[in-house]
Amino acid sequence: MAAEDSDFKEKGFQILSKVIDPEIGVDLVGLGLIYDVQVDEKGLCTVTMTLTMMGCPLTDVLNDAITEALMAADEVKKVKIDLVWEPIWTIDRMSREARVRLGMM
């Protein structure tokens with residue numbers, strides 16, 4: 001991975017930490033839903049993520065919010081979301097802050 005790729009990964013996670021799951025009220029990064037963010041030399045930003053459950057009714061809403069947030073970055077020309085189910089999401093993936101906010105600590 002090139003240095004600029006790892007720099008964007010951190011930037012991508014920072015951007016996505018501002019995208020809030022409207023049903024839960026916690027950001028996607030804090031929920032542990034975002035596994036990876038990369039951008040290639042052509043500006044294709046690929047987000048590897050999961051959801052808390054299959055068939056989540058907010059999938060399209062979240063995809064739109066992710067795309068809108070990342071398209072604001074100069075490096076990004078297009079966003080592709082890879083929805084994966086492995087590794088499976090559990091509450092262990094959540095940040096401490098997210099758990100506290102949801103009353104799980």
Side-chain angles (χ1 to χ4, degrees):
M1 182 184 300
E4 59 273 2
D5 291 339
S6 63
D7 290 345
F8 186 81
K9 181 175 183 168
E10 183 177 327
K11 181 177 179 177
F13 272 88
Q14 287 176 348
I15 291 169
L16 294 178
S17 72
K18 294 174 177 47
V19 177
I20 306 298
D21 180 309
E23 195 171 59
I24 300 174
V26 176
D27 72 272
L28 302 182
V29 173
L31 286 172
L33 299 177
I34 307 298
Y35 292 168
D36 194 25
V37 182
Q38 295 191 20
V39 68
D40 69 16
E41 64 282 345
K42 295 180 181 177
L44 175 61
C45 181
T46 302
V47 178
T48 305
M49 66 174 291
T50 195
L51 297 170
T52 57
M53 64 180 184
M54 284 186 163
C56 174
L58 294 176
T59 301
D60 291 339
V61 171
L62 294 175
N63 288 353
D64 290 347
I66 289 167
T67 299
E68 182 179 343
L70 288 168
M71 288 297 291
D74 292 337
E75 302 91 335
V76 178
K77 306 297 179 228
K78 184 176 180 181
V79 175
K80 175 184 169 199
I81 298 174
D82 282 339
L83 193 56
V84 298
W85 300 107
E86 289 184 21
I88 191 167
W89 181 86
T90 68
I91 61 171
D92 295 334
R93 297 193 64 85
M94 292 172 59
S95 69
R96 183 182 190 315
E97 180 182 329
R99 289 186 208 177
V100 168
R101 182 155 185 192
L102 294 174
M104 298 176 153
M105 301 238 1

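In what follows, residues are counted from 1 in the order of the sequence shown. Reckoned from all heavy atoms, side chains included, excluding hydrogens, waters and symmetry mates.
For Tyr35 against Trp89, the heavy-atom pair with the smallest separation is OH-N, 3.9 Å. In this structure, Ala73 and Phe8 approach most closely via the heavy-atom pair CB-CE1, 4.1 Å.
Note on residues 93-105: no pairs pass side-chain hydrogen bond (donor to acceptor under 3.5 Å, both in side chains), not counting sequence neighbours.
In summary, the side chains of Asp36 and Gln38 do present a donor paired with an acceptor at a separation below 3.5 Å, with no hydrogens or angles considered.
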Would you mind writing out the side-chain donor-acceptor pairs for residues 74-83 within the sub-3.5 Å range, not counting sequence neighbours?
residue, atom, partner, partner atom, Å
Glu75, OE1, Lys11, NZ, 3.0
Glu75, OE2, Lys11, NZ, 3.2
Lys77, NZ, Asp74, O, 3.0

Under 3.5 Å, which donor-acceptor pairs link side chains of residues 13-34 to any protein atom two or more places apart or in another chain?
residue, atom, partner, partner atom, Å
Ser17, OG, Gln14, O, 2.6
Asp21, OD1, Glu23, N, 2.8
Asp21, OD1, Ile24, N, 3.0
Asp27, OD2, Val29, N, 3.0
Asp27, OD2, Gly30, N, 2.6

Show the atom names and distances, to 0.1 Å, of all donor-acceptor pairs under 3.5 Å that link a side chain in residues 46-72 to residues at least two apart or in another chain.
residue, atom, partner, partner atom, Å
Thr50, OG1, Val84, O, 2.8
Thr59, OG1, Cys56, O, 2.8
Thr67, OG1, Asn63, O, 2.9

